[in-house]
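These numbers come from the heavy atoms of this one structure, side chains and all, not from hydrogens, waters or symmetry mates. Worth saying up front: this structure is predicted, and the values here are computed from it rather than measured. Convention: sequence-line order gives letters A, B, ...; per-chain numbering from 1.
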2 protein chains.
Amino acid sequence: MSHPRYHHGDLRAAVLRRAEEILRESGAGSLSLRQIARDVGVSHGAPSRHFRDKQALLDALAVAGFDRIEAEFAAAVAGETAFDARLHALARVYLRFATENPALLAVMYGRKHGADAEVGAAVLRAFEVPRTVIVDGQERGEVVPGDPRRIGMAVIAALQGLANLVASGFAAGDLLDETVGHLTHGLRPRP
Amino acid sequence: MSHPRYHHGDLRAAVLRRAEEILRESGAGSLSLRQIARDVGVSHGAPSRHFRDKQALLDALAVAGFDRIEAEFAAAVAGETAFDARLHALARVYLRFATENPALLAVMYGRKHGADAEVGAAVLRAFEVPRTVIVDGQERGEVVPGDPRRIGMAVIAALQGLANLVASGFAAGDLLDETVGHLTHGLRPRP
DNA sequence: ACCTGAACACCGTTCAAGT
DNA sequence: ACCTGAACACCGTTCAAGT
């Protein structure tokens, strides 16, 4: 709790860092601008120089979250070439992120798309990775034909839903393989 | 805004009703016990007789939400017999609910499972419908074999994810058919 | 440019007191 | 049993004033 002063210009970064900590440790309900200011050793009005209001802070947290997912997606995909392996890698990354940052995930999806341009752009960057995985898979003949962006949305939806259920505790993480399997092979029996 | 008095025992129901309205019209950020009390024409301390604290109100809203989903699930399934038709019906119902009540959905999945026994029970009741749909589908040879509860979770995950993306505006509702199709037939090309 | 500190209008929660 | 109203410790936001 012994924080140094922040009179040297990195208050914005310090606020974001502390906000993420609070989100991870205590949830969105405990996120207060005044508490963050206190923790960071600054007056309660100071953060408003860097974040117009609380929503602007939440938006910045969402952007950081999507950017982190994009980076982890990219790293996970780089290690594999086969579509199935890549899909599994994406799923693992997303599920881990959701499990470790359930409150941040809620912040990321809690805002209506288009409300903030920076968030929208970060979402598109993150979703671009699954899209290219689909495209590559189609070129290898391992994925059905169709608009890769739309197929990518179906993939994201399945991952997002699984992550949500696991983060809420309604499902266990060991459902990952099964869900990915059902998505890859379908629910209908092969003739 | 001219509300009658609520000295006759239905304050609990009146608070719940008004809370759902606010959730639908203004989102979770505008949900305040004091505002509800004002709208309902009662002193700000009165709701605490029926809801220990704000979380208890959110839990009650979640229970009501899951119960409504269960009823709509049951009605949707009753009209169809083939697995594909039933799956589509479930998806339509869930997506409509999510689109019309995005803030309520966030409340319903915002709480850790097991934190409130009544919410947990309501979740199980709602998820029971997809489970029986899977069981029936397996008996008809229209669904791959496997633990119906686990397959049901994969289905719920896909619906939940799609609903989430649509509610946030990241995807459009016309992805429904495609997502259900990918789940039914799989992403891998049929040989 | 960046931060402080007072001010304002809100919260949730508690609790004695009323009916 | 059910509700009122004051009290307390918090919020987010704004804004003159300081450095």
Now, which nucleotide makes the Watson-Crick or G-U wobble pair with D:dT14, with each of the two distances under 3.5 Å?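 D:dT14 is paired with C:dA6.
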For D:dA1, the Watson-Crick or wobble counterpart (both distances under 3.5 Å):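 Per the H-bond distance test, C:dT19.
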From A:L57 atom CG to A:L33 atom CG, the distance as rounded to the nearest 0.5 Å: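 It comes to 6.0 Å.
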Under 3.5 Å, is there any donor-acceptor pair linking the side chain of A:R34 to the base of D:dT13?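 Answer is yes: a donor-acceptor pair is held.
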Which whole-number value in Å describes the distance from [X] [atom1] to [N] [atom2]?
X: B:R49; N: C:dT13; atom1: CZ; atom2: P; result: 14 Å
X: A:K54; N: C:dA9; atom1: NZ; atom2: C1'; result: 16 Å
X: B:H44; N: C:dC15; atom1: NE2; atom2: P; result: 13 Å
X: A:L11; N: C:dC3; atom1: CG; atom2: C1'; result: 9 Å
X: B:H50; N: D:dA1; atom1: NE2; atom2: P; result: 13 Å
X: B:I22; N: C:dC10; atom1: CD1; atom2: C1'; result: 15 Å
X: B:L33; N: D:dG5; atom1: CG; atom2: C1'; result: 17 Å
X: B:L57; N: C:dT13; atom1: CG; atom2: C1'; result: 14 Å

Other residues, nucleotides, ligands: >12 heavy atoms within 6.0 Å of A:E118 CD: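 Atom CD in A:E118 is not packed in, count stays at 12 or less.
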Check A:R86 against A:E80 and note the closest heavy-atom contact, atom names and distance.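 Looking at all heavy atoms of both residues, the shortest contact is NE-O, 2.9 Å.
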I want to verify a distance call: between D:dT4, D:dG12, C:dC3, whose nearest atom is closest to the B:A46 side chain?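 The nucleotide sitting nearest to the side chain is D:dT4.
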Nearest to the B:S48 side chain among D:dT4, C:dT4, C:dT14, which nucleotide is it?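 Ranking D:dT4, C:dT4, C:dT14 by closest atom to the B:S48 side chain puts C:dT14 first.
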Taking the inter-plane angle between the rings of A:F73 and A:Y94 on a 0 to 90° scale, is it parallel (under 30°), tilted (30 to 60°) or perpendicular (over 60°)?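 A:F73 and A:Y94: tilted rings.
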N or O in side chain of [X] less than 4.0 angstrom from [N] OP1/OP2:
X: A:R38; N: D:dC11; value: yes
X: A:Q35; N: D:dC11; value: yes
X: B:S32; N: C:dG12; value: yes

Test log, rule side chain to side chain contact (heavy atoms under 4.5 Å, CB included), inputs B:F170 and A:Q160: CA-CA 12 Å; B:F170 295 130; A:Q160 165 69 9; over 6 Å; no
